[in-house]
Every structure is written in C-alpha cells, then in structure tokens.
Q: 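First, the structure itself, so that you have it in front of you.
Since the structure is predicted, the reported quantities are computational estimates derived from the model, not experimental observations.
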Amino acid sequence: MEFDKNKIRLKIAISKMEEENDIVMENKTKNIFKIVSTAVAGIVLSTGIAFAGTKIYEKIWKEPEKIQIVTDVLTPQAQKENISEEEAKQIAMNKLKEIGFNTNIIKTDHYKEIDSNKIMYRFITEDDYSISIDGQKATFFEIWNISKKLGEIDKKFNKYGSEKKVGSEYVMNKDKAVEVANKYYKLFGFQEGEYEVTKVDCWNSDGDEKAEIGYKFTITYHKKYGDTDNPYEYVEIQIYAKDEILWMVRTQNIPYDNNPTEITKEQALQIALEVDKNVENKEITETKVEKMIVNMNAQAYYRLTDKEKFYKEMSTVDYPTEERVYYHMEDKIRNAWVVVITYVDDWEDVVTRYTRGQFSYFIDATTGEIIGGATMDYTYSAG
C-alpha cells in the first residue's frame, strides 16, 4: 500500500500558510550538497576551511544520485534492497515472543517509502497489535496498540472535557508516566543507560501542554553525547494511564559520527553566505548560526542546481509524484553548524514568503562542506 506522504504534508502546509498562522514547514530532510564540483570546492578552499588547522580530513560529501520513484514495491531493485516478507515476519514473531506478546499474526501489510526503496512490513496480531519491521535494516521499527479500547478512553475524555470528571484510575502524573515507560523500555530489551529520557509530553483534554496530569503520555529517550543528544538515535514510548496500557513503542538507530569541530562559527557563516550568492539575490536581513546534529541531505544541492523547480515542487498542491526530484543518499549523522539566512520580507504572497523567506545551510563542523539544508529556520523547527 503506497502513501504519498509528501502530498499530504504539502496540502497541510499551504493551508496553514494561507491562514498566516505561525508555521514551521515540515522538514523531513530530503538531502544536500557538494556545491557543484569547482564551485563549492573553490569556496571551501579559498577560505582555508577544508584543511582546518594542520589536519586534513577526508571529504564526506558525495554528489547525490537522482533516483526514479516507482509505485510498485515489488520491483527488482526494491526486492534486492529489502528482506522478504517471510523473513520480516519471522523477525516480528521473534520480537513479539521476546516481549511476551501474542505471536499469532492474522494479517500482513506493507508499504514503500515514497523517496526510497525501503519497504516497511506490518503484521497485525490476534490481540490487536500492529508491529512493523524495517525491510532494509531487517530490524524492529515500531509496535502500535490498535485496540478499540483506546478509542473508548479517548471518547471519554472528549465527552467530559476535563480530567477532573473521570475516575482517578484514568490519569497519572509525569513522574508515574516515566516509571511506567521505563518498564516497557526494559521489556523491549533496551539497556539501562543506553538512552536517556529527554522529553515527556502530557496528553489531556484541556489542551494544556504544560500540564503535569494527563490520561496518556509520550516519553522520548535519546542517546546522548556529552550534553548533546542525537535526534536520530531514540526510543519513543506512548502509554495510557488507565491500566498502564502500552500505546506505542518506536525506535530508530542511525549512529552519530561524533566528528570533531574544526570549523569556527564565523567560518561556517562565511561559507554559507558565499554559496548563497549563487542562489538568491535578495537582501539578507538576519543570520543565525547554531551547532546541531544533522542528517546529511540533498536540499541545498537541489536548490543550487535548479532553484525554480525546487520551490515549484514545494509550493504547488498536487504536484505530480512522478515529476518530483528525489536523491539517494546514505544516512550520515554529523556534527554541523546550521546557518539560517533570512531575506528581506517583500515577497508577493504568503506562500512564497513561507517557502522562500529563509534557508538553513548545514555546514560540516569538521570539513566545512555543505552537507545539507532545509527551508525555513531549521534551528527552530528541529526542536
């Protein structure tokens, strides 16, 4: 089953833009750039940044490969890159057995990610759990409780409109939620100290995000490197207070290179500004630079090589999937300077303002290469 996630997100984003609400565009990083051969190399070398100090670091940016999007998940290339359905089913059954859940699978489903050949296999169990296996990595990805019982709890809170009007067994505080989540964390085989709790979101019928009491919670764990956590190495656990029911467990594990910082904040800004001259000729009103962990992507590369098409795709509802440009890139998580450039606000319409008003460059903190980017202020949206 194929889901056009880009189309759905685009419609939502444009709708919000037209309402002129505070928005942060969806920035599922799609992949970034080596500033076309001599152009980028010249910029980096001329600033003396590629060879930081006395050390010479191997370049990590490689020009991305443009890929053709296909809707048939059973193409030879997809089959080559993914395990079979039977192999995925066995992994799912092993995980279910490991955590003591019913292993009787009654339904099988799968879909291919729109911008890659990755197949996600989903298996529905007799006791209403949906477990997903990453076909490329051959690993557990997530499990969802799809029981109607959870919907009944949601309806109860929507009906009464306040936690105060239901029994105390339906709610808990954040400390208790973390305690319950930790039990599931251990049940799923994650080691103590491997990940740390970084965020606790409370769900309540009053819409108060700062509330300490709620009827369901999302607890997020990350792997930490000193004071920094890698957003691409995480465990997310969602629970209901009633009977401490598990709602969802999801995990992702893309290792962080933990590369050293050889490029200064000032050098990163200089690199971004020099490159941006080749893309946008508008006056710059503000810049911001922040150190972050990022996933290398091709957005800056695409924007540099075909700016008009890049923005047309982004701002056009129902843009044909087959005409979109996608790039194949390896997942590479790097320490980088994120340079946010804000242009003078004299755009013709609100859609253009929100799609082209800012751009964020990812400058590798070790090599000084541009390894990615995002529209809007990535330092804000990534949080």
Side-chain angles (χ1 to χ4, degrees), residues 24-25 27 29-61 226-228 231 256-305 307 310-311 332-347 353-383:
V24 176
M25 292 275 297
N27 69 326
T29 55
K30 269 190 216 139
N31 319 338
I32 202 137
F33 101 92
K34 159 195 174 184
I35 290 205
V36 213
S37 53
T38 53
V40 173
I43 293 172
V44 175
L45 293 176
S46 65
T47 57
I49 292 172
F51 304 94
T54 59
K55 300 179 181 178
I56 298 178
Y57 290 92
E58 181 180 354
K59 293 178 180 292
I60 62 160
W61 175 262
D227 295 330
T228 305
Y256 167 42
D257 287 352
N258 202 11
N259 51 302
T261 299
E262 299 289 349
I263 304 302
T264 67
K265 182 177 183 178
E266 292 72 23
Q267 288 172 326
L269 176 60
Q270 180 186 358
I271 293 171
L273 290 175
E274 285 297 319
V275 169
D276 200 65
K277 292 177 182 178
N278 299 305
V279 188
E280 195 65 76
N281 59 6
K282 292 184 66 66
E283 177 186 350
I284 296 173
T285 60
E286 183 182 3
T287 60
K288 178 166 60 173
V289 185
E290 186 174 322
K291 180 77 72 59
M292 298 181 71
I293 294 177
V294 303
N295 191 356
M296 189 165 68
N297 69 59
Q299 282 203 33
Y301 176 83
Y302 183 14
R303 179 173 177 261
L304 177 70
T305 55
K307 182 181 74 172
F310 174 81
Y311 283 117
K332 204 159 188 63
I333 311 303
R334 298 282 290 184
N335 182 27
W337 291 103
V338 175
V339 180
V340 183
I341 296 177
T342 302
Y343 308 102
V344 63
D345 188 3
D346 60 359
W347 305 101
R353 180 189 309 153
Y354 280 106
T355 54
R356 296 183 61 173
Q358 293 176 305
F359 193 81
S360 299
Y361 288 96
F362 299 170
I363 312 298
D364 190 273
T366 304
T367 68
E369 297 168 280
I370 296 178
I371 60 170
T375 56
M376 304 292 286
D377 182 347
Y378 185 81
T379 66
Y380 174 69
S381 61

Q: If you compare all heavy atoms of A336 against all heavy atoms of V294, which two are closest, and at what distance to 0.1 Å?
A: CB-CG2, 3.7 Å
Q: Would you please name every residue forming a side chain to side chain donor-acceptor pair (under 3.5 Å) with E290, sequence neighbours left out?
A: none
Q: Show your working on side chain to side chain contact (heavy atoms under 4.5 Å, CB included) between I284 and L273 and close with a plain yes or no.
A: CA-CA 9 Å; I284 296 173; L273 290 175; 3.7 Å; yes
Q: Which distance, rounded to the nearest 0.5 Å, do you find between the NZ of K291 and the OG1 of T261?
A: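 Interatomic distance, K291 NZ to T261 OG1, rounded to 0.5 Å: 3.0 Å.
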Q: Closest heavy-atom contact between I263 and W337?
A: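 The answer is O-NE1, 2.8 Å.
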Q: Which residues pass the salt bridge (charged side-chain N to carboxylate O under 4.0 Å, His left out) test with E280, sequence neighbours left out?
A: K307, R356
Q: Can a donor-acceptor pair be found, under 3.5 Å and without considering hydrogens, that links the side chain of T285 to the backbone of T342?
A: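 Side chain of T285 to backbone of T342: a pair is present.
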Q: Among residues at least two apart in sequence or on other chains, which ones pass side chain to side chain donor-acceptor pair (under 3.5 Å) with D346?
A: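 By the side chain to side chain donor-acceptor pair (under 3.5 Å) rule, D346 matches K282.
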Q: Mind listing the closest non-hydrogen atom pair of F362 and N295 along with its distance?
A: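 In this case the closest contact between F362 and N295 is CE1-O, 4.1 Å.
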Q: Would you give the length of the straight line joining atom CG of N335 to atom CD of E262, rounded to the nearest 0.5 angstrom?
A: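 Nearest 0.5 Å value for the CG-CD distance: 10.5 Å.
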Q: Looking only at atom types and distance, does a side-chain atom of S360 sit under 3.5 Å from a main-chain N or O of M376, one as donor and one as acceptor?
A: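 Yes.
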Q: What distance do I363 atom CD1 and T264 atom OG1 have between them, rounded to the nearest 0.5 Å?
A: 11.5 Å
Q: Kindly give the heavy-atom pair with the smallest separation between I341 and A272, and that separation in Å.
A: CD1-O, 4.2 Å
Q: Where do V338 and M292 come nearest, in terms of heavy atoms and distance?
A: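 Heavy atoms of V338 and M292 come nearest at CG2-SD, 3.7 Å.
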Q: To the nearest 0.5 angstrom, please state how far the OH atom of Y361 sits from the CZ atom of R303.
A: 4.0 Å
Q: Please answer whether the main-chain N or O of V340 pairs with a side-chain N or O of Q358 as donor and acceptor at a distance below 3.5 Å.
A: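 Pair absent, no side-chain N/O of Q358 close to backbone of V340.
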Q: How long is the straight-line distance from CG of N278 back to OG1 of T305, given to the nearest 0.5 Å?
A: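 Reported to 0.5 Å precision, the distance equals 12.0 Å.
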Q: Look up atom CG in D276 and atom CG in L304, then write down how far apart they are to the nearest 0.5 Å.
A: 9.5 Å
Q: Any idea which heavy atoms bring D345 and R353 closest together, and the distance?
A: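 Looks like OD1-NE, 3.3 Å.
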Q: Mind checking side chain to side chain donor-acceptor pair (under 3.5 Å) for Y256 and listing every partner two or more places apart, or none if nothing turns up?
A: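 Checked Y256 against side chain to side chain donor-acceptor pair (under 3.5 Å); zero matches.
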Q: Could you walk me through whether E369 and Y57 pass the side chain to side chain contact (heavy atoms under 4.5 Å, CB included) test, one step at a time?
A: CA-CA 11 Å; E369 297 168 280; Y57 290 92; over 6 Å; no
Q: The criterion is ring pair (Phe, Tyr, Trp, His ring centres under 6.0 Å); which residues satisfy it with F310, sequence neighbours excluded?
A: Y302
Q: Taking salt bridge (charged side-chain N to carboxylate O under 4.0 Å, His left out) as the definition, give me every residue that meets it alongside R334, ordered by chain and number, with sequence neighbours left out.
A: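 In terms of salt bridge (charged side-chain N to carboxylate O under 4.0 Å, His left out), with neighbours along the sequence ignored, R334 is linked to D257, D364.
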Q: Answer yes or no: is there a side-chain heavy-atom contact under 4.5 Å between Y343 and F359?
A: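 Of all side-chain heavy-atom pairs linking F359 with Y343, at least one is under 4.5 Å.
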